[in-house]
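Notes for the one structure printed next.
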Amino acid sequence: SFYALQWVIDHFSNLLLTTAAAEAESGMLTVIHVQSPFNHFAAFPAGPGGATAVYASSSMIESVKKAQQETSAALLSRALQMCRAKQIRTETLVLEGEAKEMICEAVEKMH
């Protein structure tokens, strides 16, 4: 959330400033946005013990993925603006999957 990002900026900006000292200590903030995977089908109950599956067309899948990319770009752009306003070194990551799992995996890979 932007509220959480603002809290980090307010409380840890002294560790993340774009200065020679911060660069030497690798003081960088990583902003991660995790997209939910798009299910290409939906199943609906169709009576006792049965179900009907509806599959998305390839054009619909492309449209949804494009919309997700645009949303991610807009969110990360705003986050970068917030960080640049305080001169904080920042990198961004866009991941796809379950948010909790993907964030934990990203942290493990960074450390």
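Computed from a predicted model, the values in this text were never measured in an experiment. The figures that follow rest on heavy atoms only: side chains count, while hydrogens, waters and symmetry mates do not.
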Apply ring-ring contact (aromatic ring centres under 6.0 Å, His included) to H111 and list each qualifying residue two or more places apart in sequence or on a separate chain. none

Assigning hydrophobic clusters by single linkage (Ile, Leu, Val, Met, Phe, Trp, Tyr; side-chain heavy-atom cutoff under 4.5 Å), is M110 placed with V8? no

Give a yes or no on whether V31 and V34 share a hydrophobic cluster (residues Ile, Leu, Val, Met, Phe, Trp, Tyr; joining criterion: side-chain heavy atoms under 4.5 Å apart). no

Validation: residues 73-85 side-chain donor-acceptor distances under 3.5 Å, sequence neighbours left out:
none

Which residue pairs satisfy the side-chain hydrogen bond (donor to acceptor under 3.5 Å, both in side chains) criterion with at least one member in residues 3-12, sequence neighbours excluded? Q6-D10, W7-H11

Non-neighbouring partners of S1 that pass side-chain hydrogen bond (donor to acceptor under 3.5 Å, both in side chains), sequence neighbours left out: none

Solution key, residues 90-109 side-chain donor-acceptor pairs under 3.5 Å, sequence neighbours excluded:
from, atom 1, to, atom 2, distance (Å)
T90, OG1, I88, O, 3.0
E91, OE2, T30, OG1, 2.6

Within the distance-only criterion (no hydrogens, no angle test), does the side chain of Q68 pair as donor or acceptor with the backbone N or O of Q35 below 3.5 angstrom? no

